Amino acid sequence: MSGPIRLEPPDGRDDTLTLRLATESTMTLRLPGRAPARSGKDAAVDRLAAELAEQIGPAVHAYEVAALLESEGLTAQQIADEYGHRNLFALAEDLYRRVPRSFPEPPAATDPWKPDPVRCALRGALFALPGLAYPLTARLWQSDRAVLALVVAGLVSWAWGQGLGHRAYLRMTSGRAEAARTLMAGAPLGALLACATGFAIVGPSKAAFFAAGQSCYLTAAGILLVLARERLLLGALTPIIAGASVLPFREPGSLVRVALCALTLILVVAAVGHCLREALKEPAATASAAPRLVASLPYGLFGLAAGVLVAFAGQRHPLAVIALTLSMGPAEWLLYRYRGLSVAALRATATPAAFRWRSAAVLGGCLLVYLLPLFPAALLTGAEPAPLLTLAALLWTALLLQAFGIAWPPAAVSLAAATGVASAGLLAPPPGPLTELLCCAAAALALTGTTLHLLGRPTAHA
């Protein structure tokens with residue numbers, strides 16, 4: 001090709017050059033580094049892509065973008081006039097091509113079972129603090145028959161309270177007012193039954209009076225715990241806490257001892273009345289049929305069995321039982337942690353077998369954390385560590401199964417262990433540590449295996 005070459009920008013544009021050859025033929029060249037100017041509609045699409053980039057980026061199909069545009073209220077006329085596309089789907093496909101795919105990390109999952117450590121510790125203390133009333137009043141009723149009356153009445157209250165508490169929690173789904181009505185109907189019957197049991201053992205005496213006070217207190221305290229009024233219960237216990245704290249330093253006198261216990265009971269009952277009135281004022285959440293009474297039966301039976309096991313353990317080592325009672329606060333905290341860690345295991349595993357292994361590790365870790373502090377506590381109180389630790393493991397695994405609504409296996413196993421210990425105690429009182437160890441160890445192993453089998457499935461935590 002020969003002849004002079006002239007370079008001239010066509011139509012005043014500065015991003016292309018035209019090579020005009022001598023033969024009058026032309027060639028248009030685009031200069032590098034210069035983007036072509038977009039039309040007004042093309043630029044409008046660019047602006048829309050920039051505005052919706054965060055929502056378009058995670059889309060896996062153009063149809064998701066179309067749904068987004070539809071939610072933005074774009075009309076067919078606006079799409080054609082402003083963006084130059086024939087319909088919604090054409091614009092969506094164009095936007096899907098222009099915006100790079102971006103998949104942000106999901107937000108950190110929150111633990112739905114995060115426990116309140118202060119509340120759990122307070123509940124553990126509230127299980128043990130009422131025991132201060134016994135050294136405060138023991139000199140007024142001390143006799144073997146009186147002790148038997150208090151123990152048996154306490155077992156009745158404990159069993160009734162466990163069953164009533166479960167029934168009240170079930171009614172809580174219909175609102176606190178329904179739960180309050182359930183407590184108002186069942187609590188007086190439980191207190192009356194426990195009082196009658198104590199009276200049948202000792203007859204009209206000081207011991208019967210204290211058995212009645214114990215029964216009324218356990219009933220009232222159970223209501224406050226179900227209604228989550230732990231701090232109010234702690235405040236009502238102030239008189240006996242103050243009275244017991246001065247015992248090592250001075251003799252308060254019989255009248256003062258009785259007055260402090262009576263004042264505590266009055267305060268607790270008054271707190272119950274206040275809380276029930278408040279609960280009855282709350283509107284009902286949802287209407288639901290009342291659960292069958294038999295549904296709460298295994299919880300009551302477990303309460304009876306646990307009470308028998310703890311009573312026989314306390315017969316030999318009362319201080320060790322106090323440590324076990326205080327451990328109920330950490331035990332409740334660990335129940336929540338087990339559920340939270342199990343939910344985390346669901347997110348971290350991809351197969352049922354992998355979840356089962358991780359669930360077993362979670363169960364073992366929680367049991368270890370619960371039992372380790374009880375070992376030095378047993379040594380400090382002079383108790384044999386093995387029977388106390390197996391009893392604690394039995395109680396915790398039973399409570400864990402109950403937390404998942406599995407009630408009959410722990411009730412049956414606990415009753416079998418309690419029957420074995422009680423039978424040995426009746427034959428040769430008190431039962432030796434070997435008997436307690438064998439019965440509680442067998443029950444704890446059975447409940448641990450049941451837990452691994454039933455709660456080692458992903459569906460149990462879904």
Side-chain angles (χ1 to χ4, degrees), residues 1 5-114 173 283 285-288 339-340 342-355 358 457-462:
M1 192 178 294
I5 299 176
R6 300 196 310 273
L7 302 178
E8 53 186 39
D11 303 327
R13 293 173 60 187
D14 57 359
D15 59 347
T16 61
L17 290 177
T18 299
L19 279 69
R20 189 173 299 280
L21 307 178
T23 59
E24 294 301 320
S25 61
T26 61
M27 180 182 297
T28 302
L29 302 177
R30 189 176 302 279
L31 296 180
R34 301 293 299 274
R38 294 185 180 275
S39 66
K41 294 180 180 180
D42 209 26
V45 176
D46 278 342
R47 289 193 297 271
L48 183 62
E51 292 174 4
L52 302 178
E54 291 186 2
Q55 295 97 313
I56 296 175
V60 297
H61 195 278
Y63 286 169
E64 294 184 47
V65 183
L68 173 65
L69 297 176
E70 191 173 24
S71 67
E72 293 291 325
L74 294 180
T75 63
Q77 188 67 33
Q78 183 181 3
I79 291 172
D81 295 344
E82 187 173 346
Y83 301 107
H85 283 281
R86 63 184 183 276
N87 56 37
L88 177 72
F89 294 99
L91 176 59
E93 291 176 357
D94 191 4
L95 291 171
Y96 185 76
R97 286 193 301 269
R98 295 186 188 217
V99 178
R101 303 277 65 76
S102 62
F103 302 101
E105 290 293 327
T110 57
D111 184 1
W113 297 101
K114 185 177 180 180
T173 58
T286 55
S288 61
R339 303 201 73 161
S342 297
V343 172
L346 279 177
R347 302 190 182 106
T349 54
T351 64
F355 176 78
R358 181 155 310 204
R457 298 174 297 180
T459 53
H461 307 270

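Note that the coordinates shown come from a computational prediction; the quantities given were computed from them, not determined experimentally. Quick note: residue numbers are just sequence positions, from 1.
- Partners of N87 according to the side chain to side chain donor-acceptor pair (under 3.5 Å) rule, which considers only residues two or more places apart in sequence or in another chain, do not exist here.
- Put simply, CG on L91 and CG on L74 are 7.0 Å apart, with the number rounded to the nearest 0.5 Å.
- Pairs engaging residues 63-75 under the side-chain hydrogen bond (donor to acceptor under 3.5 Å, both in side chains) rule: none recorded [sequence neighbours left out].
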Atom pairs and distances, side-chain donor-acceptor, residues 47-56, under 3.5 Å, sequence neighbours left out:
none

List the steps and the verdict of side-chain contact (heavy atoms from CB on, under 4.5 Å) for I79 and L69.
CA-CA 10 Å; I79 291 172; L69 297 176; 5.8 Å; no
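- Looking at every heavy atom in both residues, K41 comes nearest to A80 through NZ-O, 3.8 Å.
- Taking the side chain to side chain contact (heavy atoms under 4.5 Å, CB included) definition, one finds that T459 meets it with R457, sequence neighbours left out.
- For the pair A59 and V65, the tightest heavy-atom approach, listed with the atom from each and the gap, is CB-CG2, 4.0 Å.
- Shown here for A345 and F355, the closest heavy-atom pair between the two residues is CB-CE1, 3.8 Å.
- Between A66 and L88, the closest heavy-atom pair is O-CD2, 3.7 Å.
- Sorted by first and then second residue, the salt bridge (Lys or Arg N to Asp or Glu O under 4.0 Å) pairs involving residues 77-96 (not counting sequence neighbours) are D94-R97, D94-R98.
- Under the side chain to side chain donor-acceptor pair (under 3.5 Å) criterion, H461 pairs with no residue, sequence neighbours left out.
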